[in-house]
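Inspection log for the structure reproduced underneath, given as structure tokens.
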Amino acid sequence: MPDYNFYDSVYQVARLIPPGRVTSYGAIAAYLGTKGSSRMVGYAMQACGNANPPVPAHRVVNRNGMLSGRHHFETPTRMQELLQKEGVKVKDGKVVEFEKRFWDPASVLF
DNA sequence: ATCCTGACTTGAC
DNA sequence: GGTCAAGCCAGGA
């Protein structure tokens, strides 16, 4: 059994992401203090289907703004459609104006 | 126990 | 300024 505490933390942060915004794995990892373990964040996302309530994993992308995990969704286009539905423009598997759409988990403290 | 892989990031060339 | 390599932790073979 993995440390679900870490997984749950990732899920909670992911759920804090406001609609129309996106964040990066590293940002979440840094927020949790596990900076350097950015891969684990993505790994935790892989198990997001095991989480309750479900996690908006489509709002989590890599630091380049690319939908790296779109292939892990039910359909490769699901992630892109969900983002576009929320007002996030996605082109060629990348978030348009990612820097503007970027949301830092630390913002909740503010 | 070792080796490989993976929804990443950063630093070096 | 793009490309390569290494570091990172967990899990499966």
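Letters go in sequence order (proteins before strands), and every chain restarts at 1. For the numbers below, each heavy atom of this structure counts, side chains included, while hydrogens, waters and symmetry mates do not.
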Residues 88-102 of chain A side chain polar contacts: donor-acceptor under 3.5 Å, at least two apart:
| from | atom 1 | to | atom 2 | distance (Å) |
| --- | --- | --- | --- | --- |
| Arg101(A) | NH1 | Gly20(A) | O | 3.3 |
| Arg101(A) | NH2 | Gly87(A) | O | 3.4 |

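- Separating the CG atom of Asn64(A) from the C1' atom of dA7(B) is a distance of 14 Å, rounded to the nearest angstrom.
- Near DNA chain B, meaning a heavy atom under 4.0 Å from it, residues 71-96 of chain A has His72(A), Phe73(A) in order of number.
- For dT3(C) and dA7(B), the C1' atoms lie 22 Å apart once the distance is rounded to whole Å.
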I'd like a list of close polar pairs between nucleotides 4-6 of chain C and the protein, N/O only, cut-off under 3.5 Å.
none

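- Counting only Watson-Crick and G-U wobble pairs whose two key distances fall under 3.5 Å, DNA chain B forms stems of three or more stacked pairs at B:2-6 with C:9-13, B:8-13 with C:2-7.
- Side-chain nitrogen and oxygen atoms of Tyr25(A) include none within less than 4.0 Å of the OP1 or OP2 phosphate oxygen of dG6(B).
- Using P as the reference atom, dA5(C) and dT5(B) are 15 Å apart when rounded to the nearest Å.
- Taking NE2 of His58(A) as the start and NZ of Lys85(A) as the end, the distance is 10.0 Å to the nearest 0.5 Å.
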Please list, one pair per line, the donor and acceptor atoms closer than 3.5 Å that link side chains of residues 40-55 of chain A to other protein atoms, with sequence neighbours excluded.
none

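- Under the 4.5 Å side-chain heavy-atom criterion for Ile, Leu, Val, Met, Phe, Trp and Tyr, Tyr31(A) and Val60(A) are members of the same hydrophobic cluster.
- Within the 4.0 angstrom heavy-atom criterion, only backbone atoms of the sugar-phosphate kind lie near Ser24(A); the bases stay farther away.
- Look at CZ on Arg70(A): it is 12 Å from P on dC8(B), rounded to the nearest Å.
- Summarising the geometry, the separation between CZ on Phe6(A) and C1' on dC8(B) is reported as 12 Å, rounded to the nearest angstrom.
- Evaluation of the salt bridge (Lys or Arg N to Asp or Glu O under 4.0 Å) rule for Arg15(A) yields no partner, not counting sequence neighbours.
- Qualifying side chain to side chain contact (heavy atoms under 4.5 Å, CB included) partners for Leu32(A), counting only residues two or more places apart in sequence or in other chains: Phe6(A), Ser9(A), Val10(A), Val13(A), Ile28(A), Thr34(A).
- Residues passing the salt bridge (Lys or Arg N to Asp or Glu O under 4.0 Å) test with Glu86(A), sequence neighbours excluded: Arg59(A).
- Residues passing the side chain to side chain contact (heavy atoms under 4.5 Å, CB included) test with Ala30(A) are Lys35(A), sequence neighbours excluded.
- Annotation for Ala29(A) and Ser38(A): closest pair CB-CA, 3.9 Å, computed over non-hydrogen atoms.
- Rounding to the nearest 0.5 angstrom, the gap separating the OG1 atom in Thr23(A) from the CZ atom in Arg63(A) is 12.5 Å.
- Under the rule for a side chain to side chain contact (heavy atoms under 4.5 Å, CB included), the partners of Arg21(A) that lie at least two apart in sequence or sit in another chain are Ile17(A), Pro18(A), Trp103(A).
- Here CG of Leu83(A) is found 11.5 Å from CZ of Arg70(A). Values are rounded to the nearest 0.5 Å.
- Between Ser37(A) and dA10(C) there is no side-chain N or O to OP1 or OP2 distance below 4.0 Å.
- Remark: P of dC8(B) and CZ of Phe102(A) are 15 Å apart, rounded to the nearest angstrom.
- Between Pro56(A) and Ala14(A), the shortest heavy-atom contact is CG-O, 3.5 Å.
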What's touching nucleotides 10-13 of chain B from the protein side, N or O pairs under 3.5 Å?
none

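- Atom CG in Leu67(A) sits roughly 11 Å away from atom C1' in dA7(B) (whole-Å rounding).
- Contacts of residues 38-62 of chain A with DNA chain C (heavy atom under 4.0 Å): Arg39(A), Met40(A), Tyr43(A).
- A gap of 14 Å separates the P atoms of dC4(B) and dA6(C), to the nearest Å.
- The hydrophobic clustering, which links ILVMFWY residues whose side-chain heavy atoms are closer than 4.5 Å, places Tyr25(A) and Tyr11(A) together.
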